[in-house]
Structure formats: structure tokens, C-alpha cells
Amino acid sequence: MNPDQKIIVPLDVPDQAAAIALVEKLPQVSFWKVGLELFTSTGPKILTELKSRQKRIFLDLKFHDIPNTVAGACRAAARYGVDLLTIHATAGSDALKAATEAVQEGAAQAGVQPPKLIAITLLTSISARQLAFDLKIPLELPEYALSMALMAQESGLDGAVCSPQEVSQLRETCGNDFLLVCPGVRPTWAEKGDQKRSLTPVQALKAGANYLVIGRPITAAIEPELAWKRICEELAVLA
Ligand SMILES: O=c1ccn([C@@H]2O[C@H](COP(=O)(O)O)[C@@H](O)[C@H]2O)c(=O)[nH]1
């Protein structure tokens, strides 16, 4: 797979018109992420629109609830035939196991391929200091992220979302078949914004990420096409 096929661009925009405008501005992008803002605004019709353009879809709704409720949400989401779907690892192992079964059921009901179900280990906007002082987690951050990934793996999930700073450790421990998706990726020339644990695209792929989620460095650029091209050129060293 070409390195540029490993970039997922989030459609963090308020409505369908803005989403389609971005998709049309970046025809080279094959994998788009639909998250909380856009899905809450448009509902599933944005998924239909992306599918009609043969795009791959990461539905990043980050489910977090009791097992019965996340199972219902995962069953419904799987019926859309999306490629990737998220749940928070902190929902716990019972919820993760219920979600794993539910995506299979939903996909079978709709006659589509089940999505890869991946667990958020620790949001990339959380620093080590916030983990300790806001969330009161008494573990070192890398140890905490790894323990969430291992719980997800033991619960039957396909992979995890982690920061690029933890990806090499997760890759080493969870093995090559475990999908690792990294947001919080920043080229040297981009603003970090609210991301606290970032690395560059080249560093993140070298460290073992399967996919990179890169949003504002591309989508908030004055010329998104040029930002995309610049990142692809940087990644060409890995081809
Ligand atoms: O831990 C996480 C999980 C998900 N995200 C999502 O990724 C993108 C990142 O966008 P940028 O503009 O590149 O910061 C965004 O949609 C988040 O919801 C994350 O950042 N961290």
C-alpha cells in the first residue's frame, strides 16, 4: 500500500455541503473519517454520499456506555458497511466483548462486511499531567495506554487508536495483526493545536502505525491540496 493510502482525513466540518466541498477539493484522498460533529449534523446520508464516491469510511463515534447500549449502537453502525468503527476502551471488557459480537450481527443482517472495531486507548489530547491530575489515573501514561490496548485485544477487538508516541510499544506487545490507528499526527510545519502527544507522519509510520489520521494540518490549510501534497512527498521516503 502506498504511504498516502495510509492517511485518513477527518471531515470535521459542520454540514454535508462543507463535507462534500472538502471531498471534491481533495480527490486523491481515499479514506475519510466521519466524526461526532458531522454525523450529528447529517446522520447517515453523509455515509451514503461517500460510498457513492467509492471512499473508505472511518466512522469515529467513540461509543462509551453500558454493554447493552454500546452493543445496540455498534450493531446499527455496522449495518452502514463502514470500514472502521470506534469505542472507548474505558467502557470496559464486557462492553468491548458485546460490541465485538454486535458488529458481526449488524453486518450480517445488512449483508455487508463488518467494520474493524478499534478501541480508543487514551485521547491524544490528554497529557501525562492531565492523566494523573484530572483523570486521577495512578499509572504512567504509556503503561495505561498499553493496558487499554491489551484489554481491547483480549476482548476480541481488531485494533486500537493510540497516539504516535505509544505506537511502537503497542506494536511490539500486541503484534503485527493488531490494527493501530494514530491521530495526533503533525508535520513539523503544522500547529499542534489541542493535540498533546504527537509525532510527524514519517515518525508515526516508522514506529508501526497502520493508519494516520491527519486533519487540520490539511483541512485548515489555506490550500489543502498543497498541504496534502507536501505530506505525501514527505512520506515518499518510505515507499
Ligand atoms: O485520541 C483521539 C481520537 C480521535 N481523534 C480524532 O482525530 C482527528 C484529529 O484531527 P486533527 O485536526 O488532526 O487534530 C479528530 O477528528 C479527532 O476527533 C483524536 O484526535 N484523538
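As the structure lists them, so they are numbered: ligands from 1, and atoms in each ligand from 1. We're numbering straight along the sequence, starting at 1.
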Closest to atom 6 (C) of ligand 1 among protein heavy atoms sits Lys33 NZ, 3.6 Å

The single option from Lys6, Arg171, Lys116 that satisfies side-chain hydrogen bond (donor to acceptor under 3.5 Å, both in side chains) with Asn210 is Arg171

The single option from Lys33, Gln5, Arg56 that satisfies side-chain hydrogen bond (donor to acceptor under 3.5 Å, both in side chains) with Tyr211 is Arg56

Donor-acceptor pair, side chain of Arg197 and main chain of Ser127, under 3.5 angstrom
no

Under a 4.0 Å threshold between the charged nitrogen and the carboxylate oxygen, would Arg230 count as salt-bridged to Glu223?
no

The remaining residues in the hydrophobic cluster of Leu180, counting side-chain heavy-atom contacts under 4.5 Å among Ile, Leu, Val, Met, Phe, Trp and Tyr, are Leu146, Leu150, Val167, Leu170, Phe178

Exercise. Using distance alone, determine whether Gly215 and ligand 1 share an N or O pair under 3.5 Å.
Key: yes

For atom 20 (O) of ligand 1, the closest protein heavy atom turns out to be Gln195 NE2, 2.8 Å

Looking only at protein heavy atoms, what sits closest to atom 15 (C) of ligand 1 is Asp12 OD2, 3.3 Å

The closest protein heavy-atom partner of atom 1 (O) of ligand 1 is Thr124 N, 2.9 Å

Apart from Ile222 itself, its cluster of hydrophobic side chains linked below 4.5 Å comprises none

Looking only at non-hydrogen atoms, the one of Arg186, Glu191, Lys62 nearest atom 18 (O) of ligand 1 is Lys62

The closest protein heavy-atom partner of atom 10 (O) of ligand 1 is Pro10 CG, 4.0 Å

Numbered in order shown, the ligand 1 atoms found under 4.0 Å of a heavy atom of Arg216 are 11 (P), 12 (O), 13 (O), 14 (O)

